[in-house]
Amino acid sequence: MRATEILRFRGCFYQLAKKEQTSTFDRYFPKTKERRKAWEGQDKDQYFKDRFAHVHARQKQQGHNNSKGKSSRTYDDKSEKKRVNRSPPRLERSPLQDYLYGTGPVLAALEAGRRSGYGTLYVGRDEGQMNRRIMQLANERELNVKYEMEKRDLNRLTNNGVHNGYVLETRPLVLPDLLELSGGNKPESTYSMVQRAYNVPTRVDGDLRNAGRNAFGVYIDQVTDTHNIGAIIRSAYFLGADFLVMSEKNCAKLNAVVAKASAGALDLLPLYNAPKPLDFFKRTAQNNWNVVASLPDINKLPADKRTPVSGLPQLLEDRPTLMVFGSEGEGLRRSLIDICTHGTSLNPPTSSKVQVDSLNVSVAAALLISHFHPSSAFD
């Protein structure tokens with residue numbers, strides 16, 4: 001074989017190998033069709049005249065093409081298409097706001113006026129007869145009211161809560177810091193307390209709901225369930241407590257769930273925050289207040305601190321009293337129990353061994369608070 005034939009053969013081999021390599025490399029990439037404009041190959045203006053000249057202006061505005069026998073939308077530009085196709089905006093919750101829901105909580109929040117700001121009032125579509133008092137207060141406070149709201153939007157704002165067709169956007173409830181309690185002896189109509197405002201202790205007077213007896217308050221420590229806190233606030237307000245104090249760091253936050261569980265008492269009962277519970281207990285006890293701990297067993301207390309349930313009315317008759325309730329599981333902290341002046345507990349009325357030997361903290365709170373009243377008070 002001559003040299004020229006060998007070179008020619010080698011060149012053909014290289015070309016074949018290169019072609020095979022190129023086709024193998026290209027086959028791993030998707031092949032896309034070349035995009036073409038609908039009017040390519042003809043005049044653009046004539047194309048649109050032929051397609052849309054027979055459509056009436058009213059049909060174009062409504063977005064229907066009756067000549068085709070189908071419902072189809074037509075648009076003159078892309079901006080109009082985006083405007084028409086966009087779905088109505090969804091209502092989104094703001095993390096800086098509370099969304100109170102239900103007739104009772106909304107009405108109580110508007111009646112009390114303790115919150116620093118009120119936003120929008122949302123009224124449901126299925127609300128046949130609107131609450132006149134709610135609408136009157138909303139008008140007085142010049143709220144922005146949105147009517148005919150869809151149920152799914154209200155469910156989104158309330159996390160599927162039972163809203164009864166009313167949702168109120170408000171600022172969260174801010175509790176004043178309480179350092180100690182004093183006063184509160186009958187026949188005075190007020191009790192005294194030291195609040196912390198801008199790190200400056202300030203003495204303030206609070207009004208008693210019943211001036212014919214000594215001041216009576218409730219303290220909650222380490223209760224983390226929002227429904228329990230709401231139920232305790234509701235019972236305390238219903239049974240005549242003058243105020244309620246909560247530990248700052250260990251209790252559940254006062255949100256819309258608490259407001260719903262309290263049936264609106266969250267905004268009606270005076271509430272305070274104790275930033276330092278130990279100091280608060282010491283100072284209150286030194287100011288001649290009874291500080292009564294709710295315990296599962298009072299036999300672990302010294303004999304002079306044990307108080308049966310039947311002796312609670314006498315404690316309130318002698319001095320102003322603060323009733324203390326602990327967490328759902330562990331109960332009241334030992335450090336607070338040692339500072340309390342008295343302790344009491346609820347025992348089952350039967351001496352036989354029972355399988356359920358304790359009560360929910362909200363139920364126990366309601367029973368113990370009711371025992372501070374004479375039995376004739378409920379006639």
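Here the structure is a predicted model, which is why all the values come from computation and not from measurement.
- Put simply, the side chain of Ser262 gets close to the backbone of Leu266: a donor and an acceptor are under 3.5 Å apart.
- Distance alone, capped at 3.5 Å, places no donor-acceptor pair between the Asp98 side chain and the Leu100 backbone.
- Applying the 6.0 Å contact sphere to CD of Glu140 captures more than 12 heavy atoms from other residues, nucleotides or ligands.
- Contact check for Ile229 versus Cys251: side-chain heavy atoms found under the 4.5 Å cut-off.
- Between Leu244 and Tyr272 the shortest side-chain heavy-atom distance does not fall below 4.5 Å.
- For the pair Tyr237 and Val218, the minimum side-chain heavy-atom distance is 4.5 Å or more.
- Residues Gln195 and Asp177 have side chains that never bring a donor and an acceptor to within less than 3.5 angstrom of each other.
- Between the side chains of Arg234 and Ser362, no donor-acceptor pair of N or O atoms lies under 3.5 Å.
- Taking OG from Ser235 and CD1 from Ile369, the interatomic distance works out to 6.5 Å, rounded to the nearest 0.5 Å.
- Within a 6.0 Å radius of NZ in Lys186, more than 12 heavy atoms belonging to other residues, nucleotides or ligands are found.
- Asn185 and Asn214 make their closest contact through CA-OD1, 3.4 Å (heavy atoms, listed as atom of the first residue, atom of the second, distance).
- Considering only heavy atoms from C-beta on, Met193 stays 4.5 Å or farther from Arg203 through its side chain.
- Between Val145 and Met135 the shortest side-chain heavy-atom distance falls below 4.5 Å.
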Checklist entry - Between Ile134 and Thr103, does a side-chain contact (heavy atoms from CB on, under 4.5 Å) hold up when you go through it step by step? => result CA-CA 8 Å; Ile134 290 180; Thr103 306; 4.0 Å; yes

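- Salt bridge Lys300/Asp297: absent, no basic N to carboxylate O contact under 4.0 Å.
- Between Cys340 and Leu332, the shortest heavy-atom contact is SG-CD2, 4.4 Å.
- Under a hydrophobic-cluster definition in which Ile, Leu, Val, Met, Phe, Trp and Tyr are linked whenever side-chain heavy atoms come within less than 4.5 Å, directly or via other members, Leu239 and Leu359 are assigned to the same cluster.
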Item to check | Stepwise side-chain contact (heavy atoms from CB on, under 4.5 Å) test for Leu208 and Asn210 | outcome: CA-CA 5 Å; Leu208 294 179; Asn210 187 354; 6.0 Å; no

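- Taking every heavy atom of both residues into account, Leu269 and Ala236 meet most closely at CD2-CB, 4.1 Å.
- In this structure, CG in Leu301 is found 9.0 Å from OG1 in Thr307, a value given to the nearest 0.5 Å.
- Side-chain heavy atoms closer than 4.5 Å link hydrophobic residues (I, L, V, M, F, W, Y) into clusters, and following such links, even through other members, never connects Leu173 to Leu178.
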Next on the checklist: Using the rule given for ring-ring contact (aromatic ring centres under 6.0 Å, His included), can you reason through Phe372 versus Phe216, listing the C-alpha separation, both sets of side-chain angles and the distance that settles it, and then say yes or no?
Outcome noted: CA-CA 9 Å; Phe372 282 92; Phe216 176 71; 4.6 Å; yes

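- Cluster annotation: Val223 is connected to Phe238 through the hydrophobic network of ILVMFWY side chains, with a link wherever side-chain heavy atoms come within less than 4.5 Å.
- Taking all atoms of both residues into account, the shortest heavy-atom contact from Met323 to Ala293 is CE-C, 4.1 Å.
- Side-chain N or O atoms of Asp221 include none that pairs as donor or acceptor with a backbone N or O of Ser247 at under 3.5 Å.
- A distance-only check finds no donor-acceptor pair linking the side chain of Arg171 to the backbone of Tyr118 [under 3.5 Å].
- Taking OH from Tyr101 and CG from Asn155, the interatomic distance works out to 11.0 Å, rounded to the nearest 0.5 Å.
- Taking 4.0 Å as the cut-off between side-chain N and carboxylate O, Arg133 and Glu111 count as a salt-bridged pair.
- Here Glu188 pairs with nothing under the side chain to side chain contact (heavy atoms under 4.5 Å, CB included) rule; sequence neighbours left out.
- Asn273 is not listed as a side-chain neighbour of Val245, based on a closest heavy-atom distance of 4.5 Å or more.
- Under the 4.5 Å side-chain criterion, counting only non-hydrogen atoms from C-beta, Asp207 is not in contact with Asp242.
- Ile339 and Tyr219 fall within a single hydrophobic cluster, where Ile, Leu, Val, Met, Phe, Trp and Tyr side chains are chained together by heavy-atom contacts under 4.5 Å.
- Under a 3.5 Å cut-off, the side chain of Arg306 and the backbone N or O of Thr344 do not form any donor-acceptor pair.
- Distance alone, capped at 3.5 Å, is enough to place a donor-acceptor pair between the Ser370 side chain and the Leu367 backbone.
- Looking at Asp267, its side chain never comes within 3.5 Å of a backbone N or O of Ala112 through a donor-acceptor pair.
- Taking CD of Glu169 as the reference point, atom CG of Leu96 lies at 10.0 Å (rounded to 0.5 Å).
- Side-chain contact annotation: Asn287 with Lys282, donor-acceptor N/O pair under 3.5 Å absent.
- Here the straight-line distance linking atom CG of Leu181 with atom CD of Gln286 works out to 13.0 Å at 0.5 Å rounding.
- Minimum heavy-atom separation, Tyr166 to Asn131: OH-N, 2.6 Å.
- Shown here for Gly119 and Leu143, the closest heavy-atom pair between the two residues is O-CD2, 3.7 Å.
- Evaluated for a side-chain contact (heavy atoms from CB on, under 4.5 Å) with Val194, the options Leu179, Val204, Thr202 yield exactly one hit, Leu179.
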Checklist entry - Can you list the steps and then say if Tyr191 with Phe243 is a ring-ring contact (aromatic ring centres under 6.0 Å, His included)? => result CA-CA 10 Å; Tyr191 61 95; Phe243 59 90; 4.8 Å; yes

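- Atom CD of Glu148 sits about 12.5 Å away from atom CG of Asp153, to the nearest 0.5 Å.
- Under the 4.5 Å side-chain heavy-atom criterion for ILVMFWY residues, no single connected hydrophobic cluster contains both Val174 and Val258.
- At least one donor-acceptor pair closer than 3.5 Å links the side chain of Thr341 to the backbone N or O of Val291.
- Side-chain atoms of Thr284 do not come within 3.5 Å of backbone N or O of Phe281 as any donor-acceptor pair.
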Item to check | side-chain contact (heavy atoms from CB on, under 4.5 Å) assessment of His163 paired with Val106 | outcome: CA-CA 10 Å; His163 48 72; Val106 171; over 6 Å; no

Next on the checklist: Between Leu322 and Phe280, is the side-chain contact (heavy atoms from CB on, under 4.5 Å) condition met? List the steps.
Outcome noted: CA-CA 11 Å; Leu322 182 68; Phe280 171 74; 3.7 Å; yes

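- Looking at Trp289, its side chain never comes within 3.5 Å of a backbone N or O of Ala215 through a donor-acceptor pair.
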Next on the checklist: Checking Tyr99 against Tyr122 for the ring-ring contact (aromatic ring centres under 6.0 Å, His included) test, could you report, in this order, the C-alpha distance in whole Å, the side-chain angles of both residues, the deciding distance, and whether it holds?
Outcome noted: CA-CA 10 Å; Tyr99 293 87; Tyr122 300 94; 7.2 Å; no

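- Here the side chains of Lys253 and Thr226 are not in contact, with every heavy-atom distance at 4.5 Å or above.
- Counting only N and O atoms by type, the side chains of Asp205 and Ser192 include a donor and acceptor under 3.5 Å apart.
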